[in-house]
Amino acid sequence: MGTEVKATRTVVSLRKFHISEEYGFILPEPLMDLPVYYKPWMDIGRNVTELISSHSLRLRIHNMPLLTTDLLRTHRELRLAHLTLSVMAMGYVWQEGEKETVKMLPQTLSVPFCDVSRRLGLPPILIHADTVLANWKKTNPNGPFTMENLELLLSLPGGQSLRGFFLVTLLVELAAVPGLKAIIDVINGVHYNDIERVTKALDVICQSIDSMKQALKRMHEYVDPSIFYGVIRIFLSGWKDNPSMAEGLVYEGVDDQPMEFSGGSAAQSSILHCLDELLGIQHEGNNGAFLKRMRDYMPPSHKQFIQEISICPSLRDFVLQQADERLTHAFDKCVAGLVDFRNCHINIVTRFITIPASRAKQLRANKQNLMEELDTISRAPTALEERGTGGSGIMTFLKTVRNETKDSSISVFTNGNQEPPMEEIEKSASELTIE
Ligand code: HEM
């Protein structure tokens, strides 16, 4: 069989899993509006931030008509409906902060929200696929996919920092697209025993992981840690493993029993799950269970794609069997790149959560809350000091996941960790004092 034939035949394709060649997991050109019948939703959804700050969102949702979801026909309509209903739900629950939460979501919201969620195969809570993947538009439709030319469709409190948080995450997803396409090449290359093809595809994946890391670092430029910690975070948090909503939430008119769902987290982004499965990186115990559970918060076809990668013949075994120097090097560079990405992410979490949490604790202890920035931090929910919005116990979880990534390396690759050692960062965070 000639190599040309080998190069064009594929055993797995992106299209089958509703993944775009241009945008990857990002929803291409999300709709900006729903049919006019849904104006009551859109009017509230577009003003959630203002309604929260005037403490009137709950009332508006109570007075909203109960609409049927029958007039929502297309996938993109359903995605915009899910995004709109989810920002309303987060605003409704957290409008008064962590102390005055609610036990029940009113049926004007819960019934259509559960309906739309069931049709999409998604949970009835705000997820990464809403706020990041389906929440963007280009200001100039013919312009580039850049921070300057992107806007959110719907927002939550947090102003420019919230915009930055969602859009930078969107850029990480975009940076992953070449890598995502190369995953297909790797799978096909392994299938046809084509070392050259697999090596080249791994090089592309490695570059793509590096671009994802560069995009991730832009979080520092666009997001203010005290706004993220003190204002934004609560609106992303859910009602599972969250002490301020220990009993979960009743969805009125759907079920009398409370339901529990994790909040929005980029742990629900499919790309890292794909890379882990491809590179044979295994996450054990509670961490593995948490990450697996996060797959239930992804669009079903994206979850199926991850599943498909996991049942393909093992790339790691292929690399070991071939014992080819360039191939092994390309594989290990991908693993090291992923360790780098995770280190960079841990640094971000330290700056955006660990350090502000430590400041907030000190503030409460010293009862100092005069300065505006510190005041913002001290309003942050105490229940989330040690936990991520997805509900995980943050640092132990992230470090274990990072270490498990390292374990997949074939020839212990030492150049991967170029970020400052974590212990140093954490020490400086814990030593912070309020001036
Ligand atoms: C200010 C920015 C960010 C913060 C504070 C942050 C925080 C966190 C936290 C606390 C977790 C633990 C899980 C949970 O309970 O939610 C987590 C997990 C995770 N985050 Fe982020 N995150 C940020 C940005 C991002 C971005 C842009 C990505 C890229 C897609 C990302 C990807 C992940 C992944 C994949 C996990 C699962 C753990 C892993 O696979 O390493 N995060 N994040």
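Everything numeric in this text was worked out from a predicted model, so none of it was measured. One-based numbering, in listed order, for ligands and for the atoms of each. Computed from heavy atoms alone, side chains included, the values below leave out hydrogens, waters and symmetry copies.
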(message) Can you confirm whether Trp239 sits close enough to Ile125 that some side-chain heavy atom of one is under 4.5 Å from a side-chain heavy atom of the other?
(response) yes
(message) Could you report the tightest heavy-atom contact between Ala89 and Leu105, atom names first, then the distance?
(response) CB-CD2, 4.2 Å
(request) Go through ligand 1 atom by atom and flag the ones less than 4.0 Å from a non-hydrogen atom of Val401. (result) 39 (C), 40 (O), 41 (O)
(request) Could you list the atoms of ligand 1 found under 4.0 angstrom from a heavy atom of Leu216? (result) 26 (C), 27 (C)
(message) Minimum heavy-atom separation for Leu278 and Ile187, please, with both atom names.
(response) CD1-CG1, 4.3 Å
(request) Taking only heavy atoms of Phe228 into account, list the atoms of ligand 1 that are under 4.0 Å away from them. (result) 5 (C)
(request) Identify which one of Leu153, Leu78, Leu80 satisfies the side chain to side chain contact (heavy atoms under 4.5 Å, CB included) criterion when paired with Leu31. (result) Leu80
(request) Report the part of His345 in contact with ligand 1, treating N, CA, C, O as backbone and CB onward as side chain, heavy atoms under 4.0 Å; options are side chain, backbone, both, neither. (result) side chain
(message) Taking 4.0 angstrom as the limit and counting only heavy atoms of Leu272, give me the atoms of ligand 1 inside it, by number and element.
(response) 35 (C)
(message) Only heavy atoms of Ser265, strictly under 4.0 Å: list the atoms of ligand 1 that pass.
(response) 13 (C), 14 (C), 16 (O)
(message) Just verifying a value: how many Å separate Lys303 NZ and Asp296 CG, rounded to the nearest 0.5 Å?
(response) 4.0 Å
(message) Quick check on contacts: which atoms of ligand 1 are under 4.0 angstrom from a heavy atom of Val172?
(response) 29 (C), 30 (C)
(message) For a side-chain hydrogen bond (donor to acceptor under 3.5 Å, both in side chains) check, start with the C-alpha distance between Ser411 and Asp332, then their side-chain angles and the critical distance, and finish with the verdict.
(response) CA-CA 7 Å; Ser411 53; Asp332 277 349; 2.7 Å; yes
(message) Regarding ligand 1, does Ser269 bring an N or O atom to under 3.5 Å of one of the ligand's N or O atoms?
(response) no
(message) To check you understand the geometry: which heavy-atom pair defines the closest contact between Glu404 and Glu284, and what is its length?
(response) OE2-N, 3.2 Å
(request) With heavy atoms under 4.0 Å as the rule, classify the contact between Val223 and ligand 1 as side chain, backbone, both or neither. (result) neither
(message) I want to confirm something. Looking only at heavy atoms, which of Arg342, Met294, His128, Arg218 is nearest to atom 41 (O) of ligand 1?
(response) Arg342
(message) Using heavy atoms and a 4.0 Å limit, tell me yes or no: is Val349 in contact with ligand 1?
(response) yes
(request) Provide the number and element of each atom of ligand 1 under 4.0 Å from a heavy atom of Met219. (result) 1 (C), 2 (C), 27 (C)
(request) Could you tell me which non-hydrogen atom of Ser20 sits nearest to which non-hydrogen atom of Leu14, and how far apart they are? (result) O-CD1, 4.5 Å
